[in-house]
Every structure is written in C-alpha cells, then in structure tokens.
Visitor: 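Can you read through this structure? Questions will come right after.
As the structure lists them, so they are numbered: ligands from 1, and atoms in each ligand from 1. Along the sequence shown, the residues carry numbers beginning at 1.
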Amino acid sequence: MRLAVKDLGKHYGEQVLFSDLNFAVTNDDWLTVIGESGSGKSTLLKIIAGLVDASTGLVLLNDKEEWTYPVDEYRQRVSYATQAAQLFGETVRDNLDLPFLVRKQEPDVKRQVALLEQVELPADFLDRNIHDLSGGQRQRVGVARNLIFAPDVLLLDEISTGLDADTKAAIWHLVEHMQAKAHFAVLSVTHDAQEIKSAKWTLKIEDGRGVLS
Ligand SMILES: Nc1ncnc2c1ncn2[C@@H]1O[C@H](COP(=O)(O)OP(=O)(O)OP(=O)(O)O)[C@@H](O)[C@H]1O
C-alpha cells in the first residue's frame, strides 16, 4: 500500500493554505502533521480523506487517483477520525455495527467487545446510550469504530485534543496495537507537545510549504 500526495495545493479564494506538497506514506509509517493554527493541517487530511477537493495536484492511493475509487471502497481504505467523534443512532452498538453493515456482514460482537476492551471500556458499553457518554468515552468509541476493520491509512485529526491523560493513553494504545497487527499507515495532525516530542517523522506546514523531517 502506498498513499502519495503529489504537488498538492489548496487555496480558498485569495487565501493560499499550501502549495506543492509532496510526500508518500506506506505500511507501518506514522507521519505527524504539525504547523501553526490555520496552516491547513485539517484541510490536508480532509483532502486525503476525500471530503474536500484539492485546488491543484493529486492524491494517489496505490498509484490511482483517489476519485477513481468507488466512494465506499475509498472510505474503507482511508479512514478519517476527528476530534469530536460523530456518533449516530442511539447506542454504542449502533456505531460499532456500522462498519459491518457497510460491508454487508453480520456484526461480530466478539470483535466489538475486544475493541472496546482495548480502549478500556467494558462490554456492557455496547448498550449504552451515546448521549450518556463523556467526551473521552465518545472519542474512544469513535476510534474503535474506525478500527473494527483495519484501513490502509488512518487519518487522525487532533483526536486527543481536550482529553485527559488516561483517555489519550487508551486511544494511542489501541492505534499502536492495531497498527502493529494490521500495518496500516497513520497520518496524525496534532498540537499535543508530548505527541510531537515522540514523533519519529513529521510534516510541518510552514509558510504554505511542507517540510518533512
Ligand atoms: N470551507 C472553507 N472555506 C473557506 N476557508 C476555509 C474553509 N475551511 C477552512 N478554511 C480556512 O483555511 C484555513 C486552514 O484551516 P485548517 O482547519 O485546515 O487549519 P489547521 O492548520 O488545521 O488549524 P488548527 O490547528 O487551528 O486546527 C483557516 O484559515 C480556515 O479558516
């Protein structure tokens, strides 16, 4: 698997966020995306997720442009998690059933419970009403939903912002554990000092350019 960004640029009217971004990620890579507020980090992830159009350049998944994939297939391969996980329906189960339903499969309760346990939520959370969850619990359920089926690329948009240290640790533990098992690539946008400090590979968006280091 290889996801590449080629000469990518984005502007809103006169406002140029970035231009000529070039990089590629492959299995087991973890690229941490940093830069000042407003530099376009979230926009970059949304372009890669297929939610926002680029102004110039290409996003290639396995050498094929992202738009050539059927939308459902692309979303399954390139999974996007945001700061405020959008849960829907009534219960946690509704949310963890979704990845199975879009694949026309019967929900696998064992797998759902295993994922919950990895983010330190007990099995009976499956029947919790989503409105009764704390922010950190919602985020854990959101990330568990992204990882029920391993994607090729996991996009994390400031998912640990505002979370307490235990919740952050539980979520990172799940992502690292699943990456070691399934070998997907991670692109993670963050302002978290600890996360930036421990990053092995970073893309800094600075003055509209991307600097890899
Ligand atoms: N749909 C839109 N229309 C016009 N401008 C937009 C739109 N979406 C984002 N922007 C602008 O693009 C700029 C970059 O936004 P983006 O959210 O990508 O930045 P960011 O680097 O992720 O910022 P932060 O670190 O604060 O989350 C901002 O100035 C924002 O106002």
Visitor: Have a look at T43, V16, L44, I34 and point out the one with the heavy atom closest to atom 18 (O) of ligand 1.
Guide: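 Checking each option, the heavy atom nearest atom 18 (O) of ligand 1 is found in T43.
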
Visitor: Would you say the side-chain atoms of T91 and R128 include a donor-acceptor pair closer than 3.5 Å?
Guide: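 Absent: no donor and acceptor within the cut-off.
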
Visitor: Nearest protein heavy atom to atom 27 (O) of ligand 1, by residue and atom, and its distance?
Guide: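 Checking every protein heavy atom, the shortest distance to atom 27 (O) of ligand 1 gives E158 OE2, 3.1 Å.
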
Visitor: With heavy atoms under 4.0 Å as the rule, classify the contact between L17 and ligand 1 as side chain, backbone, both or neither.
Guide: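 Under 4.0 Å from ligand 1, L17 contributes side-chain atoms alone.
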
Visitor: Does CG belonging to D207 count more than 12 external heavy atoms closer than 6.0 Å?
Guide: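 No.
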
Visitor: Is there a side-chain contact between M1 and F184 (heavy atoms, below 4.5 Å)?
Guide: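 No, every pair of side-chain atoms sits at 4.5 Å or beyond.
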
Visitor: Look up atom 30 (C) of ligand 1 and tell me if a protein heavy atom lies less than 4.0 Å from it?
Guide: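 Protein heavy atom within 4.0 Å of atom 30 (C) of ligand 1: absent.
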
Visitor: How far is atom 21 (O) of ligand 1 from its nearest protein heavy atom, and which residue and atom name does that atom have?
Guide: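 Protein heavy atom with the smallest distance to atom 21 (O) of ligand 1: K41 NZ, 2.8 Å.
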
Visitor: Please determine if K64 forms a cation-pi arrangement with Y69, meaning its NZ or CZ atom is less than 6.0 Å from the six-membered ring centre and no more than 45° off the ring axis.
Guide: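 K64 over Y69 ring: yes.
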
Visitor: Return a yes/no value for G35: is any of its N or O atoms, backbone included, closer than 3.5 angstrom to an N or O of ligand 1?
Guide: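 N/O-N/O distance below 3.5 Å does not exist for this pair.
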
Visitor: Mind checking whether F100 and F149 have parallel, tilted or perpendicular rings, split at 30° and 60°?
Guide: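 Ring orientation of F100 relative to F149: perpendicular.
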
Visitor: What is the closest protein heavy atom to atom 14 (C) of ligand 1, and at what distance does it sit?
Guide: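 Among all protein heavy atoms, the one nearest atom 14 (C) of ligand 1 is G38 O, 3.4 Å.
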
Visitor: Please work out whether any backbone atom (N, CA, C, O) or any side-chain heavy atom from C-beta onward of K46 is under 4.0 Å from ligand 1, and answer side chain, backbone, both or neither.
Guide: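 K46 to ligand 1: no contact under 4.0 Å from either part.
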
Visitor: Do F88 and L98 have side chains that approach each other closer than 4.5 Å (heavy atoms only, starting at C-beta)?
Guide: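 When only atoms from C-beta onward are counted, L98 and F88 do touch, with a gap below 4.5 Å.
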
Visitor: At less than 4.0 angstrom from any non-hydrogen atom of H191, what atoms of ligand 1 do you find?
Guide: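 Those of ligand 1 that fall under 4.0 Å from H191 are 24 (P), 25 (O).
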
Visitor: For atom 9 (C) of ligand 1, which protein heavy atom lies nearest, and how many Å away is it?
Guide: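 Minimum-distance protein heavy atom for atom 9 (C) of ligand 1 reads Y12 CE1, 3.6 Å.
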
Visitor: Should S39 be listed as contacting ligand 1, given a heavy-atom distance under 4.0 Å as the test?
Guide: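 Under 4.0 Å: yes for S39.
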
Visitor: Show me which atoms of ligand 1 lie under 4.0 Å from any heavy atom of E36.
Guide: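 Near E36, meaning under 4.0 Å from one of its heavy atoms, ligand 1 has 21 (O).
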
Visitor: Run the salt bridge (charged side-chain N to carboxylate O under 4.0 Å, His left out) check on D192 and K168 step by step: do they pass?
Guide: CA-CA 10 Å; D192 186 90; K168 266 188 212 175; 2.7 Å; yes

Visitor: Please say whether more than 12 non-hydrogen atoms of neighbouring residues, nucleotides or ligands are located less than 6.0 Å from CD in Q105.
Guide: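 Yes, CD of Q105 has more than 12 neighbouring heavy atoms, counting only those of other groups under 6.0 Å.
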
Visitor: Between S37, S42, G40, flag the one that comes closest to atom 24 (P) of ligand 1 by a heavy atom.
Guide: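 Considering heavy atoms of S37, S42, G40, the nearest to atom 24 (P) of ligand 1 sits in S37.
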
Visitor: Please report which non-hydrogen protein atom sits nearest to atom 28 (C) of ligand 1, along with the residue it belongs to and the distance in Å to one decimal place.
Guide: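 The closest heavy atom on the protein side is Q15 NE2, 4.0 Å.
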
Visitor: Distance from L8 atom CG to I48 atom CD1, nearest 0.5 Å?
Guide: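 The CD1 atom of I48 is 7.0 Å from CG of L8, to the nearest 0.5 Å.
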
